[in-house]
Amino acid sequence: MTGQGDEIAAAEGRDRGGLRASDADREQVIGALKAAFVQGRLTRDELGARADQVYESRTYAELAEVIADIPTALTGGRSPRAPWRATKIAWWFEYAVFLPGIVAVILLPGGPRTTVWTLVILAAVIYPVFWILGVLITIGSRRAKPSGGQQLPPLSWYEREQVTCTLSAALAQGRLTEDERDTRAAQASAARSRAELAALTADLPADLAARRPTARYAWTGVCVSSAAVSVVVAILLWQPDNFPAFALALFAAATVILAPPITVGLIIDARYQKRTGGQLQLGPAPSAGG
């Protein structure tokens, strides 16, 4: 078992062992040590000594060494999928399916000669336009990598601010001490190249300061959907005969169609983020035959 633990620790060191660990990561390893103590794998003195090691550890590799000889593996340091994946899928589904249909209905000419075939023909034109435009937007949103001879623009304030935000997030998570954060922030202000900026966050997760899905976003979607349904019901019961009410009814109806799928995506992403947290994952060590 010791040999397996050494292999796991070595693999972590090669892949991501140099990344700074957070307070939550250290607490997870403490939990693994407590479980090992309950199982009789560690004595009380060993538990205390290793707990001190954990709180002194700064990187994932150092944490891996603490549990290298017990059947617990470090299985990753971040969520295995993009945190906003379900929400993005919902956005693209609505863009490809619902939004062109809404536009087709809005552009549908009135009059007695308007038939279902008129809507079908109009939709047959609008849907490909939206799909082609979506493909072009996706291609255009990808950042073009500069060629070897192309000169990069000078460092911007925004790039320095991104590094500063990442350092502040690392401090809040316990990955850096306050002195380390202050030193690196001063170096970020004085940096003259992107390589210097990159070096300041090289031992931190790349998306550390990125916004994560939370239950607040999901509840916002639920509230928006509920409000839109309430507006539609109120207009149907009141039946006002004026253009502002008609426009409000159309807007509320479109919201009723578009908001629920986005809300479902937000709920899925928020629950997944709560479950995984993008933190260090602990699991059973692989068997000898694995």
Side-chain angles (χ1 to χ4, degrees), residues 8-32 53-68 72-88 141-143 145 155-189 191 193-217 266 268-283:
I8 295 168
E12 287 294 321
R14 288 193 303 270
D15 296 338
R16 43 180 292 282
L19 293 181
R20 293 295 188 106
S22 68
D23 288 337
D25 298 329
R26 284 183 273 272
E27 290 300 326
Q28 285 183 283
V29 175
I30 290 293
Q53 270 186 276
V54 169
Y55 288 120
E56 293 173 358
S57 298
R58 306 303 301 167
T59 66
Y60 288 126
E62 292 172 356
L63 288 180
E65 291 178 2
V66 178
I67 57 174
T72 300
L74 304 183
T75 60
R78 64 177 59 188
S79 173
R81 70 169 180 84
W84 296 96
R85 188 181 70 176
T87 305
K88 289 182 178 179
S141 63
R142 296 176 181 175
R143 295 181 178 179
K145 297 182 179 180
L155 284 178
S156 65
W157 169 86
Y158 178 72
E159 291 174 295
R160 299 179 195 273
E161 186 64 20
Q162 279 187 311
V163 172
T164 301
C165 291
T166 299
L167 296 176
S168 297
L171 172 65
Q173 295 178 8
R175 299 180 190 272
L176 296 176
T177 64
E178 190 169 353
D179 290 339
E180 288 173 330
R181 192 280 308 270
D182 293 341
T183 300
R184 296 192 186 195
Q187 291 175 344
S189 300
S193 67
R194 288 176 178 80
E196 294 178 16
L197 283 181
L200 297 176
T201 57
D203 58 349
L204 301 174
D207 57 350
L208 189 60
R211 182 175 296 179
R212 304 290 181 180
T214 63
R216 184 183 64 179
Y217 296 113
L266 289 171
I268 294 174
D269 286 334
R271 294 187 63 179
Y272 189 85
Q273 182 67 22
K274 182 179 180 180
R275 187 170 67 251
T276 63
Q279 299 171 352
L280 185 70
Q281 300 297 313
L282 298 179

Quiz item: What are the two closest non-hydrogen atoms of V66 and S57, and how far apart are they?
Solution: CG2-OG, 4.2 Å
Quiz prompt | Derivation and outcome, side-chain contact (heavy atoms from CB on, under 4.5 Å), residues R58 and R26 | solution = CA-CA 9 Å; R58 306 303 301 167; R26 284 183 273 272; 4.2 Å; yes
Quiz prompt | Where T59 and G18 come nearest, the two heavy atoms and their spacing | solution = CG2-O, 3.8 Å
Practice problem: Rounded to the nearest 0.5 Å, what's the gap from CD1 on I30 to CD on Q53? Could you check? | Solution: 10.0 Å
Quiz item: Taking all atoms of both residues into account, what is the closest heavy-atom pair of A202 and L19, and its distance?
Solution: O-CD2, 3.8 Å
Exercise. Look only at the side chain of D269 and the backbone of T87, and say whether a donor-acceptor pair between them is shorter than 3.5 Å.
Key: yes
Practice problem: May I ask you to test the R175-P205 pair for a side-chain heavy-atom distance under 4.5 Å? | Solution: yes
Exercise. Using only heavy-atom distances, determine whether the side chains of Y55 and E27 contain a donor-acceptor pair under 3.5 Å.
Key: yes
Exercise. Check A215 against A270 and note the closest heavy-atom contact, atom names and distance.
Key: N-CB, 3.9 Å
Quiz item: Between atom CG of L176 and atom OG of S168, what is the distance when rounded to the nearest 0.5 Å?
Solution: 9.5 Å
Quiz item: Mind checking what makes side chain to side chain contact (heavy atoms under 4.5 Å, CB included) contact with E178, not counting sequence neighbours?
Solution: L171, R181, D182
Exercise. Look up atom SG in C165 and atom OH in Y158, then write down how far apart they are to the nearest 0.5 Å.
Key: 8.5 Å
Quiz prompt | Residues R20, E180: salt bridge by 4.0 Å N-O rule | solution = yes
Exercise. Output the distance between atom OH (Y217) and atom CZ (R211), rounded to the nearest 0.5 Å.
Key: 4.0 Å
Self-check item: Stepwise side-chain contact (heavy atoms from CB on, under 4.5 Å) test for T201 and L167
Solution: CA-CA 7 Å; T201 57; L167 296 176; 4.3 Å; yes
Self-check item: D179 vs R184, salt bridge (charged side-chain N to carboxylate O under 4.0 Å, His left out): CA-CA, chis, key distance, verdict
Solution: CA-CA 9 Å; D179 290 339; R184 296 192 186 195; over 6 Å; no
Quiz item: Got D25 and V29 here, is their nearest side-chain heavy-atom distance under 4.5 Å?
Solution: no
Quiz item: Hey, would you say the Y272 and W84 ring centroids sit under 6.0 Å apart?
Solution: no
Quiz item: Would you say E65's side chain and E62's backbone share a donor-acceptor pair under 3.5 angstrom?
Solution: no
Self-check item: Nearest-0.5 Å distance, OG1 of residue T164 to CD of residue E159
Solution: 12.0 Å
Quiz item: Which is it for T214 and Q273 under the side-chain contact (heavy atoms from CB on, under 4.5 Å) test, yes or no, and what are the steps along the way?
Solution: CA-CA 7 Å; T214 63; Q273 182 67 22; over 6 Å; no
Self-check item: Audit row: I67, V54, side-chain contact (heavy atoms from CB on, under 4.5 Å) steps and yes/no
Solution: CA-CA 10 Å; I67 57 174; V54 169; over 6 Å; no
Quiz item: Would you say the side-chain atoms of R160 pair up with the backbone N or O of A191, donor to acceptor, closer than 3.5 Å?
Solution: yes
